[in-house]
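First comes the structure, then the notes that go with it.
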Amino acid sequence: MQLSELQSQTRFLTNTDSSSYPDADLNSNLTNAARFLTGEMLNSMIDWDFQGDTALANIVTSNTIADRYYDFPTNFLKLKRIEIMRDGKNWYRCSYIDIGEVSDALGNESDVVARFNNTEPYYSIVGNKILILSGTLTAVPNGIRYYFTEMIVGKDATGADITSFSTSTDIPNIPEPYQMGL
């Protein structure tokens, strides 16, 4: 169902028109509802990631512990897995570790290298960053691979992913029987 149909149904149910409920406000509210329902659907699904994606990032040389912090992928919603290719050839899966459970102090780069190695790397989430815990890292283009669920609410008329509704031809990602929830 296109956004224009959802707009019409919403206006019918709320007894409004485009003057009393402008398109911009309605689209914003439908976008927020789609984000909420997408999160609910993801929480209810165990083995199906209907909005899964991957992204690559460059590994930078780890001279200090600050060099080990990386941004989340664009449109990130839920992180599924991280792998690093620190030697430029072999991928190694990073295991999650709660930074609070690391018994050793990690105040500088040498502390991290003494505690972790490159064939069994770990990652932790610190604030809004991902911390890679491994042996010494050297610069490797596209050396980090993220598997994640992205926050997209639908597709535009060309089929491109969108993060908010804006035109009447946009189509929600949520299966049509559940779009009335918006």
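Side chains included, hydrogens not; waters and symmetry mates left out as well; all remaining heavy atoms used.
Inter-residue side-chain proximity for Y70 and I132 is flagged as met; some heavy-atom pair is nearer than 4.5 Å. When side chains are defined from C-beta on, Y146 does not count as touching E83, because their heavy atoms never get closer than 4.5 Å. Within the 4.5 Å cutoff, the side chain of L26 has heavy atoms near those of the T10 side chain. Taking the side chain as every heavy atom from C-beta outward, I130 and F72 approach each other to under 4.5 Å. Inter-residue side-chain proximity for S134 and L137 is flagged as met; some heavy-atom pair is nearer than 4.5 Å. By the 4.5 Å heavy-atom criterion applied to side chains, I162 and D170 are counted as neighbours. Contact annotation: the side chain of N142 never approaches that of M85 to less than 4.5 Å [non-hydrogen atoms, C-beta and beyond]. For the pair L106/V112, a side-chain contact is recorded, criterion being any heavy-atom separation below 4.5 Å from C-beta on.
Judged by distance alone, with hydrogens and angles left aside, the side-chain atoms of D67 form a donor-acceptor pair with the main-chain N or O of T64 at under 3.5 Å. Listed for the S124 side chain is a donor-acceptor partner under 3.5 Å among the backbone atoms of I99. The closest donor-acceptor contact from the side chain of Q9 to the backbone of L6 lies at 3.5 Å or more, if one exists at all. Within the 3.5 Å criterion, the main-chain N or O of A139 finds a donor-acceptor partner in the side chain of T61.
For the 3.5 Å distance criterion, the side chains of E109 and S62 qualify, holding a donor opposite an acceptor. A donor and an acceptor atom, one from each side chain of T163 and R35, are nowhere located under 3.5 Å apart. Side-chain N/O atoms of D25 and S28 include no donor and acceptor closer than 3.5 Å. Inspection of the T158 and D156 side chains reveals an N or O donor paired with an N or O acceptor under 3.5 Å. There is a side-chain donor-acceptor pair under 3.5 Å between N90 and D87.
Contact detail for V113 and G135: the closest heavy-atom pair is CG2-C, 4.1 Å. Taking each heavy atom of L182 and I174 in turn, the nearest pair found is CD2-CD1, 3.9 Å. For the pair S166 and L3, the tightest heavy-atom approach, listed with the atom from each and the gap, is N-CD2, 4.2 Å.
Annotation: D104, atom CG; neighbour count of heavy atoms from other residues, nucleotides and ligands within 6.0 Å is above 12.
Salt bridge R93/E120: absent, no basic N to carboxylate O contact under 4.0 Å. Under 4.0 Å is where a charged nitrogen must lie from a carboxylate oxygen, and between D161 and K155 at least one such pair does.
Linking ILVMFWY residues whenever their side-chain heavy atoms come closer than 4.5 Å, directly or via other members, leaves I171 and I152 in distinct clusters. Y69 and I82 fall into different hydrophobic clusters, where Ile, Leu, Val, Met, Phe, Trp and Tyr are joined by side-chain heavy atoms under 4.5 Å apart, directly or via other members. With hydrophobic clusters built from ILVMFWY side chains whose heavy atoms lie under 4.5 angstrom apart, V60 does not share a cluster with L131. Y147 and L79 fall into different hydrophobic clusters, where Ile, Leu, Val, Met, Phe, Trp and Tyr side chains are chained together by heavy-atom contacts under 4.5 Å. A chain of hydrophobic side-chain contacts below 4.5 Å, direct or via other Ile, Leu, Val, Met, Phe, Trp or Tyr residues, connects L30 to M1.
The distance from atom CZ of F165 to atom CG of N27, rounded to the nearest 0.5 Å, is 8.5 Å. With rounding to the nearest 0.5 Å, the separation of CZ in F12 from OG1 in T14 is 10.0 Å. Expressed to the nearest 0.5 Å, how far OG1 of T54 lies from NZ of K80 amounts to 13.5 Å. Rounding to the nearest 0.5 Å gives a distance of 9.5 Å between CG of N117 and OH of Y92.
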Q: Begin from the C-alpha positions of K129 and D71 and carry the test salt bridge (charged side-chain N to carboxylate O under 4.0 Å, His left out) through to its verdict.
A: CA-CA 5 Å; K129 300 281 187 181; D71 292 327; 2.2 Å; yes
Q: Apply the test side chain to side chain contact (heavy atoms under 4.5 Å, CB included) to residues S4 and T169: give CA-CA distance (whole Å), side-chain angles for both, the deciding distance (0.1 Å), then the verdict.
A: CA-CA 7 Å; S4 60; T169 55; over 6 Å; no
Q. What do the steps show when you test R11 against S18 for side chain to side chain contact (heavy atoms under 4.5 Å, CB included), and what is the final call?
A. CA-CA 8 Å; R11 287 197 172 107; S18 59; 4.0 Å; yes
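No close placement of the Y96 and Y122 rings is indicated, their centers lying 6.0 Å or farther apart.
P141 pairs in a side chain to side chain contact (heavy atoms under 4.5 Å, CB included) with only one of the listed residues (L56, N58, I59), which is N58.
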